[in-house]
Amino acid sequence: MTSSKIPGQLVWLWLSAVVIVLDQITKHMIVDRFSLYERLDVFPHFNLTLAYNSGAAFSFLADAGGWQRWFFTAIAVGASVMILIWLARLTRAETLQGVALSLILGGALGNFYDRLVLGHVVDFLDFYWGDYHFPAFNIADTAITIGAGLILLDMLLGAKKRHD
């Protein structure tokens with residue numbers, strides 16, 4: 001099947017697969033080599049560490065008693081279906097949105113797998129300033145953040161084009 005026969009921007013699903021694979025490989029490497037909360041100084045203001053997050057972003061609802069695992073799993077499934085539909089409906093010219101949504105989809109599915117199989121998300125990227133540590137995150141979270149940023153950029157560029 002050529003890319004001209006693939007509807008919308010579904011051609012970018014390879015990027016989602018790359019995100020999932022990189023996310024899972026890096027998580028497995030950290031889990032295999034680190035004990036929980038063990039830290040390795042990499043650069044000033046950056047460590048590798050092993051942390052588990054049973055909640056959502058910034059450990060939201062992490063101590064909710066277990067129901068949140070299935071709640072966030074259901075949200076990931078629903079969001080993934082919506083993203084797939086959105087990707088299929090994009091035009092060939094909406095490439096930046098296609099890339100952005102594929103990054104978000106890959107990140108959502110990477111964390112979905114962790115929640116479904118492990119009951120928590122594996123986080124390991126630890127940025128800090130002094131004694132303040134930003135909540136640890138992973139490759140999936142990074143892809144979601146970059147994808148969201150690209151959607152905002154696309155919105156700004158689209159607004160600029162409409163005003164020109």
Side-chain angles (χ1 to χ4, degrees), residues 1-34 46 48-62 67-127 134-162:
M1 179 183 277
T2 65
S3 65
S4 63
K5 296 192 189 236
I6 298 173
Q9 291 290 333
L10 289 174
V11 69
W12 289 104
L13 288 178
W14 68 265
L15 184 56
S16 299
V18 168
V19 168
I20 294 165
V21 168
L22 287 174
D23 179 61
Q24 290 302 308
I25 286 172
T26 55
K27 287 173 179 175
H28 286 287
M29 288 171 57
I30 293 295
V31 168
D32 287 347
R33 289 169 177 81
F34 283 71
F46 174 67
L48 292 176
T49 190
L50 174 60
Y52 298 136
N53 180 1
S54 58
F58 308 112
S59 297
F60 175 67
L61 294 177
W67 63 267
Q68 73 276 20
R69 172 185 182 185
W70 305 111
F71 176 71
F72 292 126
T73 298
I75 287 175
V77 169
S80 296
V81 169
M82 288 177 22
I83 289 170
L84 284 169
I85 292 168
W86 191 355
L87 277 167
R89 291 182 177 174
L90 290 174
T91 67
R92 291 182 55 84
E94 295 173 301
T95 303
L96 188 56
Q97 275 190 54
V99 170
L101 290 170
S102 294
L103 287 169
I104 293 169
L105 179 63
L109 291 175
N111 284 338
F112 162 81
Y113 177 86
D114 284 8
R115 273 196 182 81
L116 190 65
V117 173
L118 305 173
H120 55 261
V121 173
V122 175
D123 290 324
F124 59 92
L125 301 171
D126 176 31
F127 286 89
F134 189 78
F137 58 101
N138 57 46
I139 301 299
D141 299 332
T142 303
I144 292 167
T145 302
I146 292 169
L150 289 175
I151 286 176
L152 292 174
L153 178 64
D154 186 62
M155 289 170 57
L156 292 172
L157 293 175
K160 183 179 180 201
K161 285 180 187 176
R162 285 191 297 275

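Note that these values count all heavy atoms, side chains included, but never hydrogens, waters or copies made by symmetry.
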* Could you list the residues that satisfy side-chain contact (heavy atoms from CB on, under 4.5 Å) with I104, not counting sequence neighbours? => I83, I151

* Provide the full list of side chain to side chain donor-acceptor pair (under 3.5 Å) pairs with a residue in residues 75-90, sequence neighbours left out, each pair given once. => W86-Q97

* To do: Would you please indicate if the ring centroids of F134 and F127 are separated by under 6.0 Å?
  => no

* Between N138 and N111: side-chain donor-acceptor atoms closer than 3.5 Å -> yes

* Could you check if a side-chain atom of L87 sits within less than 4.5 angstrom of a side-chain atom of S102, using non-hydrogen atoms only? => yes

* Side-chain heavy atoms of L15 within contact of L105, under 4.5 Å -> no

* Asked: Between I20 and G110, what is the shortest heavy-atom contact and its length?
  -> CG1-N, 4.2 Å

* Given side chains that start at C-beta, do those of F124 and T26 come closer than 4.5 Å, heavy atoms only? -> yes

* Distance from L50 atom CG to D32 atom CG, nearest 0.5 Å? -> 10.0 Å

* Structure fact -> Distance col, row N53:CG vs D141:CG, nearest 0.5 angstrom, shows 8.0 Å

* **Steps toward side chain to side chain contact (heavy atoms under 4.5 Å, CB included) verdict (F137, T142)** => CA-CA 8 Å; F137 58 101; T142 303; 3.4 Å; yes

* **4.5 Å side-chain heavy-atom contact, L118 and Y113** => no

* Any side-chain heavy-atom pair from D123 and K27 closer than 4.5 angstrom? -> no

* From CD1 (I144) to CG (L103), nearest 0.5 Å -> 10.0 Å

* Structure fact -> Between G147 and A100, the two heavy atoms sitting closest are O-CB, 3.3 Å

* Asked: Is atom CZ of F34 surrounded by more than 12 heavy atoms (other residues, nucleotides or ligands) closer than 6.0 Å?
  -> yes

* When rounded to the nearest 0.5 angstrom, what is the spacing between CD1 in I30 and OG1 in T49? -> 8.5 Å

* Asked: Got a second to check how far I139's CD1 is from D23's CG, nearest 0.5 Å?
  -> 7.0 Å

* To do: Given side chain to side chain contact (heavy atoms under 4.5 Å, CB included), test L101 with W12 step by step and report yes or no.
  => CA-CA 9 Å; L101 290 170; W12 289 104; over 6 Å; no

* All side chain to side chain donor-acceptor pair (under 3.5 Å) counterparts of D126, not counting sequence neighbours -> N47, H133

* Asked: CD of Q9 to CD of E94: how many Å apart, nearest 0.5 Å?
  -> 7.5 Å

* Are L10 and L84 side-chain neighbours, meaning at least one heavy-atom pair lies under 4.5 Å? -> yes

